[in-house]
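Naming: A, B, ... by sequence-line order, numbering from 1 per chain. Treat the numbers as computed from the prediction; the structure is a model and nothing was measured.
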Amino acid sequence: MKNYKRYTITSALPYANGPLHVGHIAGAYLPADIFVRYLKLKEKDVVFICGSDENGAAITIQAKKEGRSPQEIVDTYHTINKKAFVDLGIDFDIFHRTSSELHHETASDYFLKLYEKGVFEEKTSKQYYDEEYEQFLADRYIKGECPNCANPDAYGDQCEKCGRSLSPLDLINPLSTLSEKPPVLRETKHWYLPLQQHEKWLREWLETGKIDGVEQHDPAEWKKNVLGQCLSWLNDGLHERSVTRDLSWGVNVPLEGAEGKVLYVWLDAPIGYISATKQWAADNAKDWKLYWQDEESKLLHFIGKDNIVFHCIIFPAILKTHGDYILPANVPANEFMNLEGNKISTSRNYAVWVHEFIDDFPDKIDVLRYMLCANMPETKDSEFTWDDFLAKNNNELVAILGNLVNRVAVLTHKYFDGVLNGESNRVDWGKIDLEFGKDGFASKVENSLEQYRFREALNEVMNVARAANKYLTDEEPWKRIKVNEEETADILMACAQIIANITILIRPFMPFTSEKMIEIMNLDSDILKWSNVGSNSIVKNGHRINKAELLFEKMDETMIEEQKAKLVTDNLEVDAATNTVPEISFDEFQKMDIRIGTIKEAEKVEKADKLLKLKVDLGTEVRTIVSGIAMHFNIDDLPGQQVSVLTNLAPRKIRGVLSQGMILMAEHGDTLDFIVPKNGISDGSKVS
RNA sequence: GGCGAGGUAGCUCAGUUGGUUAGAGCGCGAGAUUCAUAACCUCGAGGUCACGGGUUCAAAUCCCGUCCUCGCUACCA
C-alpha cells in the first residue's frame, strides 16, 4: 500500500434546497468524519472538505415556488445544514458554499483552462426563447401543432396524440407554456465535454488502478458495488455531456457572448471541493495545491451510491483533462439507508431529519452516531428503526460501555477514594482477553478502518469494553478487596488503562462520549493519540479520577413512540400544499367522457416494467388500454375489477400497443388505487 | 427489458484465493453473580447459506437457469 504524506477528504456537497436526514449522514458524512478523526488521531496531515451546493435550476424553481429569491433559499438551507453538521460533531475543516465569490472564480478559471486547451466541443443551435420570462425553453415547455397529425397540443419533445417524437422546431405555431406567448428563435451556444474520448484510460484506471501503466491506486481496495457500477457505465459507452446551461443562477460562463449561461453541475459542484480547499488554505496559511496536485496526497470522496458515476467517471475525466490534478485514490460510496421498512422520501417528508433529531434528543447525538455507524449501509441498503435505536442505546451503550466506566469509577471511589493506587507493571495482563501492543486490538480496529469497514471497526472497539467487563467479573474486586487490597488496586488500574484506550478508540465514532470519558477519568487530552492505543500504561500510578457519572441514560419505549407516530402522520400530509392546478370551466370539464368499465384481461407489455395491456369492457365496446400500473397490482387479481376510464383521450401508441383511453387512479405517495363506484354499477355508466 | 449490487440464524450483518462440526453482535432460554443504569459474566437453543440443476474427492463460495430486493437505464407520469 502506498504511503501518503497527506489526505484530502471530501463528503458530497449537500444540495441547498432542503435539510439533511439520517440517510445522508450514514451515507456520506459520518463515515468520512470517522475516517478523518482517525487520521487526525494518527497525527496525519488531512483536510476535510465540504460545503453547500447552491447553484442550478432546482434552486431557482424552488425559489419561484416559495416566492423567495434563490439567494434566500440557499442561505436558509446552508445555515440549517451547517449547524446540523456542527451539532452532530461532523467536523469539517471547512464547510464552504458554491455561491461564494471564490468558488465562482475558481470554477470559472477551471472552465477557461479547459477551454483554452480546446477540449470542449462548441455547438450552436437555435432554441426557443421566452422573451417575457427571459429564458430559453426546455423542450417540454413548448407546445404547438403536431406536423404529423395536426394535434394542436403537441409538446416540444413528443406529440401525445400520434406518439411521434418531435423537436421543438417541428411544431407549428409554438407557444411557451410559461408565458403562453409565442417564443422566439434564438441562437444559443453550448460547450460539450466529449467523455467518450476518455473511455479507454478510465477503464484502465478503474480496472487496474493504472494510468499508462503507472500505478495510481489498488482497485482491490475499491468496493465491489462502486467498480461494478462504473464498469457498467463504461460498457454502455460514454457520451458527450454539455457543461453549460442557459440559466441565470450559477457560475457565469466566462466567455464573450455567453451572457445568460452558467456552468452545469459537472464543472460546478465538484470544483466546489477545490474552492473550499482554497478558502481553508487561505484561512490557515496552507498551500491548497499540495492537497490537490501533489502525487503524495491521497484524495478520497465519501458519497452515496447515487453519486458514483459523477465521482468515478466525470470528475476524474475533468481533473485529468486539466492536467495538474491528482485523481481520487478511492471512492468508498455507501448504499442507501431505509427507514422503518420504507425508502426515505424527502418529498413525502418521510425521514428522520437531523435538525429535528437534535431538537428532540440534544444529549443523544453520539447514540445516533453509534446507531448509524452500526447500521451503516456499507455493502447493501440498510435499515433505520427507532426500536433499534432504543436497543442499541440500552443493550450496548448503556449495558457495555456505560456500565464498564461506571463500575470502575464507582469501585475506585468506594475502595480507594478515587485514586488509582495500583501499578500497571504488577498487573497480570494475560488474564484479560485482550492483546495489547501494536498488533493487538489496536490493529484490529485500524485494519477495519483502513478498509472503510466502519461497522466492524466499531464492533471491535466495543469488544475491548466487553473484555474489560469480563475481566472485572472474573477477578471480582468487590470480593478481592476483603483479602488483598493491593491486587484489587491493580485490577482497577488495569481497567482504567483499558478505559483510557477506549477513550481514544471510540473518539472517531463518538467524540462527545470520548470527551465525557476524559472528564470522568480525569485524563489529560494529550493522551488522545492513536499511537497510545494498545499501551497499558497510559494512566499514571496514583492518578485520581473524578466521580462516577453516567455516560448514557437508559431509554424507554415512551421516548420513541412520538418519533414513530410522527413518521406516520407526516407521511399523510403529502402533496396537500401542492394542489396548484389552475381553475377550469364547467365546459372544459364536460369535454371529458369518463365512464365505468370492467377489466376483462390483463397482460404485461413486453420489455416494460410498469406497463400493463388491459382489455376493458365499457358496456358497448371492449377497448385496449395501456396503463402504467404493473408495479402496483397482481395481474391475476385484475380481471373483474371495475375502473373509471377517460374514454375520449386521444389514442396513443405506447410501446407498440395502441392505447384507447386512460384508467383513472387515486395516488398517494407510492400507493395507487382504482376509482370505482362503491356499490357497483353497470359498465358504460357515465361519471360526471 | 439491459446492466450493476444483494438474497446467510428471530433482527442487523461477517464469511478472504472452494476444504475439518457456517461465524459475530443484539434478541431469546437457562445458570451464576451483586461493584454496576435488573446492567455484567457463563452456557445453550436457533441456519437444506433464496430456489433448481451442474462441475468437483469437497461449494454459502465456481458454472447455468429461475424467483425476490435495491440502484442505474429504457419505457412510463
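Not a single donor-acceptor pair under 3.5 Å links the side chain of A:Y370 to the backbone N or O of A:F389. Under the 3.5 Å distance criterion, the side-chain polar atoms of A:E199 are matched with a main-chain donor or acceptor of A:L238. Listed for the A:Q451 side chain is no donor-acceptor partner under 3.5 Å among the backbone atoms of A:E221.
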In B/S/- notation (B base, S sugar-phosphate only, - none; protein heavy atoms under 4.0 Å), nucleotides 4-9 of chain B written 5' to 3' is SSSS--
Scoring nucleotides 27-38 of chain B by protein non-hydrogen atoms under 4.0 Å (B base, S sugar-phosphate only, - none) yields S------SBBB-
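Of the two residues near RNA chain B, A:N459 and A:Y471, the one whose nearest nucleotide lies more 5' is A:N459.
The closest side-chain donor-acceptor pair between A:K223 and A:N334 falls under 3.5 angstrom. One side chain, A:R466 or A:N459, offers a donor N or O that lies under 3.5 Å from an acceptor on the other.
Comparing the P positions of B:U16 and B:G27 gives an interatomic distance of 28 Å, to the nearest angstrom. Nucleotides B:C49 and B:U8, compared at atom C1', are 4 Å apart to the nearest Å. Between B:C51 and B:U42, the two P atoms lie 34 Å apart (nearest whole Å). Taking atom P on both nucleotides, B:G18 is separated from B:A58 by 15 Å, rounded to a whole Å. For the P atoms, the distance from B:G6 to B:C64 is 16 Å, rounded to whole Å. Between B:G52 and B:G1, the distance separating the two P atoms is 23 Å to the nearest Å. Comparing B:A39 with B:G29, their P atoms sit 12 Å apart, to the nearest whole Å. Rounded to whole Å, the separation between the C1' atoms of B:C43 and B:C11 comes to 22 Å.
Comparing B:G25, B:C70, B:A39 against the side chain of A:A399 picks out B:A39 as the nearest.
Atom P of nucleotide B:A24 and atom CZ of A:R453 are separated by 16 Å, given to the nearest angstrom. Taking atom CG of residue A:L646 and atom P of nucleotide B:A77, one finds them 13 Å apart after rounding to whole Å. When rounded to the nearest whole Å, the span between NZ of A:K431 and P of B:C41 equals 18 Å. Atom C1' of nucleotide B:C13 and atom CD of A:E396 are separated by 12 Å, given to the nearest angstrom. As a whole-Å value, the separation of A:I400 CD1 from B:G25 P is 9 Å. As a whole-Å value, the separation of A:D387 CG from B:C11 C1' is 11 Å. Distance NZ (A:K444) to C1' (B:A24): 11 Å, rounded to an integer number of Å. To the nearest angstrom, C1' of B:G71 lies 13 Å from CD1 of A:I303.
Note on ring orientation: taking the six-membered ring where Trp is involved, the planes of A:F35 and A:Y452 are tilted (angle from 30° to 60°). Using cut-offs of 30° and 60° for the angle between ring planes, the A:F357 and A:W386 rings count as parallel. Ring orientation note: the planes of A:W222 and A:W205 are nearly perpendicular, at an angle over 60° on the 30°/60° scale.
Residues that satisfy the side-chain contact (heavy atoms from CB on, under 4.5 Å) test with A:D556, not counting sequence neighbours, are A:T558, A:M559. In this view, A:V643 and A:I599, A:V616, A:Q641, A:V645, A:I663, A:F674 satisfy the side-chain contact (heavy atoms from CB on, under 4.5 Å) rule, not counting sequence neighbours.
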Distance-only criterion, 3.5 Å: show the donor-acceptor pairs between side-chain atoms of residues 409-420 of chain A and protein atoms not counting sequence neighbours.
from	atom 1	to	atom 2	distance (Å)
A:T412	OG1	A:V408	O	2.7
A:H413	NE2	A:I545	O	3.4
A:H413	NE2	A:N546	O	2.9

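Once rounded to the nearest 0.5 Å, the distance linking CG of A:N393 with CG of A:D366 reads 11.0 Å. Expressed to the nearest 0.5 Å, how far CZ of A:R455 lies from CD of A:E378 amounts to 6.0 Å.
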Note, RNA chain B 5' to 3' with Watson-Crick or G-U pairs under 3.5 Å encoded as ( ), [ ], | and . gives (((((((..((((.....[...)))).((((.........)))).....(((((..]....))))))))))))....
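Residue contacts for A:T385: at a heavy-atom cut-off of 4.0 Å it reaches no nucleic acid atom on any strand shown.
Against the 90° criterion about 0, the sugar-base torsion of B:G4 places it in the anti range.
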